[in-house]
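Note that ligands are numbered from 1 as they come in the structure, with each ligand's atoms numbered from 1 the same way.
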Amino acid sequence: MSGILFDRIALIGIGLIGSSIARDIKALGLAGEVVISTRSPETLKRAEELALGDRYTTSAAEAVRDADLVIVSVPVGSSGLVAEQIAPNLKPGAILTDVGSTKASVIAQMAPHVPEGVHFIPGHPLAGTEKSGPDAGFEGLFRGRWCIFTPLPETDEAALGRLRNFWIALGSKIDEMDPQHHDKVLAIVSHLPHIIAYNIVGTADDLETVTESEVIKYSASGFRDFTRLAASDPTMWRDVCLHNKDAILEMLARFSEDLAYLQRAIRWGEGDKLFELFSRTRTIRRSIVQAGQDVDAPDFGRHALDPKA
Ligand code: NAP
């Protein structure tokens with residue numbers, strides 16, 4: 001038990017991320033009361049069945065009344081609408097944060113609605129899975145993972161400190177950067193890999209010379225790892241692409257240039273160029289393992305988790 005950090009926390013959106021936060025708040029006893037809101041009665045009912053909070057409502061505006069901390073965990077394209085709905089009921093002195101995967105767009109959508117006296121601190125926990133909905137969340141999702149804040153210039157240090165302590169209680173490591181930089185970094189480490197995965201799985205699906213059953217049967221030869229990313233939530237990833245357009249297009253242009261270099265090296269049999277690149281990329285993998293961001297088990301530790309895999 002970590003002890004109460006906020007008297008009342010309102011969670012707007014109770015999918016994978018919102019419900020994982022709810023589970024941690026409960027397990028660690030971080031709030032006097034947790035109010036949960038989501039737009040659909042079905043999801044709300046499921047959250048109640050899972051006993052993720054203390055009170056439940058489909059009205060985001062109702063949920064934030066008297067809350068000391070409000071966490072918005074909805075697809076980034078909906079964050080402006082949510083901010084507009086909750087703004088009139090936000091308590092002066094409350095902290096308002098989000099978990100969206102893009103930051104400049106979320107700030108542009110939400111900040112204009114935030115009343116004076118409310119501390120808006122955009123955030124993004126770098127943790128997740130390809131699953132969605134309240135059943136997909138789990139306790140400890142954020143442990144050992146980074147949570148990036150992109151505070152606005154006028155951000156109150158005391159409020160920032162309180163939010164930092166909240167994420168630290170969930171086991172996260174905190175970093176701060178400006179929103180544009182966040183969006184560029186995430187474009188390369190997260191958004192581009194997902195787009196490549198969606199594309200490669202789409203290409204395989206369109207191939208006429210290879211049957212679908214062969215794609216599935218022989219998938220362990222590399223394809224399988226792309227299918228996990230390509231199974232991610234379509235709404236979330238549509239919104240990420242639309243709301244981090246510039247950074248993603250910049251990274252895609254770089255990617256296409258580098259792919260053309262690789263294509264040329266293969267066409268002209270330039271084995272030394274291929275070997276040099278493949279050696280360089282292997283070092284990056286080693287650094288990720290050394291930084292504790294993945295395990296060094298063969299096949300990404302899959303066999304250790306599932307002997308049948
Ligand atoms: P999710 O599992 O699909 O849950 C989304 C939640 O948002 C649901 O409660 C859903 O409500 C609600 N919602 C959807 N559209 C809405 C709208 N128009 N207005 C109000 N509520 C709406 O998604 P998630 O994976 O938790 O992602 C939530 C946020 O976290 C996104 O901004 C995403 O970019 C960010 N994020 C995701 C990951 C990841 O790996 N998944 C990691 C880090 C950050 P209903 O079910 O009631 O419709």
Side-chain angles (χ1 to χ4, degrees), residues 10-24 34-50 52-53 56-64 70-87 97-110 113 122-138 141-143 145-150 167 170 172 175 179 182-183 185-187 189-191 193-195 197-198 228-244 247-248 293:
L11 300 176
I12 313 300
I14 197 71
L16 167 73
I17 300 296
S19 76
S20 295
I21 295 173
R23 286 172 169 96
D24 280 347
V34 176
V35 187
I36 288 175
S37 177
T38 189
R39 65 177 173 169
S40 77
E42 296 77 29
T43 306
L44 193 69
K45 183 165 169 274
R46 189 61 195 137
E48 194 164 0
E49 284 164 3
L50 292 166
L52 294 174
Y56 305 85
T57 169
T58 49
S59 162
E62 260 327 297
V64 303
V70 176
I71 307 179
V72 177
S73 311
V74 302
V76 289
S78 303
S79 46
L81 182 67
V82 169
E84 191 182 349
Q85 289 168 347
I86 63 177
T97 188
D98 79 303
V99 297
S101 306
T102 72
K103 294 276 56 94
S105 160
V106 166
I107 293 171
Q109 291 179 69
M110 292 183 75
H113 299 289
H124 178 203
L126 305 193
T129 73
E130 69 280 18
K131 303 269 172 33
S132 47
D135 284 282
F138 54 91
L141 172 63
F142 309 103
R143 205 173 297 138
R145 302 284 161 221
W146 287 100
C147 183
I148 301 178
F149 295 152
T150 58
W167 281 102
L170 267 52
S172 292
D175 227 344
H182 165 279
D183 289 355
V185 173
L186 268 292
V189 301
S190 170
H191 306 169
H194 279 82
I195 291 166
Y198 281 122
R228 189 187 66 74
L229 290 183
S232 300
D233 191 73
T235 306
M236 170 184 159
W237 283 97
R238 176 204 61 197
D239 280 12
V240 168
C241 290
L242 298 180
H243 289 268
N244 197 20
I248 289 175
Q293 293 298 304

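In summary, the atoms of ligand 1 found under 4.0 Å from a heavy atom of Thr129, numbered by their order in the structure, are 40 (O), 41 (N). Which parts of ligand 1 touch His124 is read off a 4.0 Å heavy-atom cut-off, strictly below it: atoms 43 (C), 44 (C). Proximity to Val76 (heavy-atom distance under 4.0 Å) selects the following atoms of ligand 1: 32 (O).
The closest approach between any non-hydrogen atom of Ala127 and ligand 1 is below 4.0 Å.
At a 4.0 Å heavy-atom cut-off, ligand 1 does not touch Asp239 at all. Contact annotation: for Pro125 versus ligand 1, heavy atoms closer than 4.0 Å belong to the backbone alone. Contact annotation: for Val74 versus ligand 1, heavy atoms closer than 4.0 Å belong to both the backbone and the side chain. When non-hydrogen atoms are compared, ligand 1 lies under 4.0 Å from the backbone of Pro75 as well as from its side chain. At a 4.0 Å heavy-atom cut-off, ligand 1 does not touch Glu42 at all. The part of Met236 lying near ligand 1 is the side chain, judged by heavy-atom distances below 4.0 Å.
Atom 41 (N) of ligand 1 has its closest protein heavy atom at Leu16 CD2, 3.3 Å. The protein heavy-atom contact nearest to atom 27 (O) of ligand 1 is Ile17 CG1, 4.1 Å. Summary of contacts: the protein heavy atom closest to atom 4 (O) of ligand 1 is Gly15 CA, 3.2 Å.
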Got a list of side-chain donor-acceptor pairs under 3.5 Å for residues 123-134, not counting sequence neighbours?
from	atom 1	to	atom 2	distance (Å)
His124	ND1	His182	NE2	2.8
Thr129	OG1	Lys131	N	3.0
Glu130	OE1	Arg228	NH1	3.2
Ser132	OG	Asp233	OD1	3.2

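Summarising the contacts of atom 3 (O) of ligand 1 with Ser132, Gly100, Pro234, the nearest heavy atom is found in Ser132. Within the set Val99, Ile14, Leu81, the minimum heavy-atom distance to atom 35 (C) of ligand 1 is found for Val99. Here the shortest heavy-atom distance to atom 47 (O) of ligand 1, taken over Ile12, Leu11, Thr38, Asp233, belongs to Thr38. The residue from Gly128, Ser73, Ser78, Ser190 that puts a heavy atom closest to atom 5 (C) of ligand 1 is Ser73.
Among the atoms of Val82, none of the N or O lies under 3.5 angstrom from an N or O of ligand 1.
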Start with the C-alpha gap between Ile21 and Ser73, add the side-chain angles, then the distance that decides, and say whether side-chain contact (heavy atoms from CB on, under 4.5 Å) holds.
CA-CA 10 Å; Ile21 295 173; Ser73 311; 4.3 Å; yes
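A donor-acceptor contact under 3.5 angstrom links the side chains of His243 and Ser105, judged on distance only.
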